[in-house]
Amino acid sequence: MKLSGPMQPRRITKGDFDQIVEVIDRWWGGPIGTFAHPIFFYELGDKALIVEDAGRLVGFLLGFIAQDPVKTGYVHLVGIHPEYRRRGVGRMLYESFTDTCSAADCVRMKAITTLGNEGSQRFHLALGWEASEIDDYAGPSRKRIVFTKDLGPTVPTRAS
């Protein structure tokens, strides 16, 4: 699919969130809709972003800023329309969110994924994030890959 013009991330609206809930399972290729929990719009959505191409939703990033143990920009969930993958939409969302977090004095970025999500692992590593495999991160016998990216001079080393 040809891009219709320059795309820019913008803050999410309620209409955008409703659209995300409608498309997320198709975009991810399976049931993941519960991860687009309304808390990421109503309570934590002031940093969430979407990207459109000619008025069509083509990508979103649900993220927020956590205060403890250090001020951290946390990427909870990202979705890219299948026809727009590998076209820079994900990178654009991450860069915009990182800029927002830097401006808010965050000292690091964080995201997690499952061991089998190799696409996510390649993407984060290509953007310069560090990856650590953490045993029991999501509960007993539930390893996760924890990605971090330093934005400031003092970041704890634990996978908090």
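What's counted below: heavy atoms across the whole structure, side chains too, no hydrogens, waters or symmetry copies. Bear in mind that the values here come from a model prediction, so they are computed numbers and not experimental data.
Hydrophobic cluster membership is shared by Ile39 and Tyr74, with clusters built from Ile, Leu, Val, Met, Phe, Trp and Tyr side chains linked at under 4.5 angstrom. Linking Ile, Leu, Val, Met, Phe, Trp and Tyr residues whenever their side-chain heavy atoms come within less than 4.5 Å places Val21 and Ile24 in a single cluster.
Ring to ring, Trp129 and Tyr94 are close: their centroids are under 6.0 angstrom apart. Remark: aromatic rings of His76 and Phe64 are distant, center separation not under 6.0 Å.
Under 4.0 Å is where a charged nitrogen must lie from a carboxylate oxygen, and between Glu133 and Arg144 no such pair does.
Of all heavy-atom pairs between Lys149 and Leu127, the closest is NZ-O, 3.2 Å. Minimum interatomic distance between Lys47 and Gly63 (heavy atoms only, all atoms of both residues): CB-O, 3.8 Å. In terms of heavy atoms, Pro9 sits closest to Leu93 at CB-CD2, 4.4 Å. Residues Cys106 and Leu151 approach most closely at O-CB, 3.6 Å, considering heavy atoms. Nearest heavy-atom pair, Gly45 versus Ile12, reported as atom, atom and distance to 0.1 Å: O-CG2, 3.7 Å. In terms of heavy-atom proximity, Asp135 sits nearest to Lys143 at OD1-CE, 2.7 Å.
For the side chain to side chain contact (heavy atoms under 4.5 Å, CB included) criterion with Ser120, the lone passing option out of Thr114, Thr113, Leu125 is Thr113. Residue Ser96 forms a side chain to side chain contact (heavy atoms under 4.5 Å, CB included) with just one option from Leu61, Val51, Leu49, and that option is Leu49.
The backbone N or O of Glu83 sits less than 3.5 Å from a side-chain atom of Arg87, completing a donor-acceptor pair. Looking at Lys71, its side chain does come within 3.5 Å of a backbone N or O of Ala104 through a donor-acceptor pair. Formation of a donor-acceptor pair under 3.5 Å by the Asp53 side chain with backbone atoms of Arg56 is not found in this model. The main-chain N or O of Leu115 is found under 3.5 Å from a side-chain atom of Gln121 such that the two form a donor-acceptor pair.
Donor-acceptor pairing under 3.5 Å is recorded for the side chains of Asp16 and Thr13. Defined by atom type and a distance below 3.5 Å, a donor-acceptor pair is present between the side-chain atoms of Thr72 and Arg108.
Annotation: side chain of Leu62 is in contact with side chain of Phe60 (closest heavy-atom distance under 4.5 Å). By the 4.5 Å heavy-atom criterion applied to side chains, Glu22 and Asp18 are not counted as neighbours.
Note that CG of Leu44 is 8.0 Å distant from CG of Asp46, once rounded to the nearest 0.5 Å. Going from atom CD of Glu52 over to atom CD of Gln8 covers 12.0 Å, rounded to the nearest 0.5 Å. Atoms CD1 and CG, from Ile20 and Leu77 in turn, are 8.5 Å apart once rounded to the nearest 0.5 Å.
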**OP:** Determine, stepwise, if the pair Ile80 / Trp27 fulfils side chain to side chain contact (heavy atoms under 4.5 Å, CB included).
**Re:** CA-CA 7 Å; Ile80 308 298; Trp27 286 12; 5.6 Å; no

Original post:
Between Met109 and Phe97, is a side chain to side chain contact (heavy atoms under 4.5 Å, CB included) present by the stated rule, with each step listed?
Top reply: CA-CA 10 Å; Met109 302 295 294; Phe97 186 64; 3.4 Å; yes

Subject >> Pair Ile145-Ile112, side chain to side chain contact (heavy atoms under 4.5 Å, CB included): steps then yes or no >> reply: CA-CA 6 Å; Ile145 304 295; Ile112 65 169; over 6 Å; no

Subject >> side chain to side chain contact (heavy atoms under 4.5 Å, CB included) assessment of Val89 paired with Met7 >> reply: CA-CA 8 Å; Val89 176; Met7 297 180 291; 3.8 Å; yes

Original post:
After noting the C-alpha distance and the side-chain angles of Phe40 and Phe35, does the key distance pass the ring pair (Phe, Tyr, Trp, His ring centres under 6.0 Å) rule?
Top reply: CA-CA 9 Å; Phe40 295 103; Phe35 284 87; 9.2 Å; no

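Around atom CD of Glu130, no more than 12 heavy atoms belonging to other residues, nucleotides or ligands sit under 6.0 Å away.
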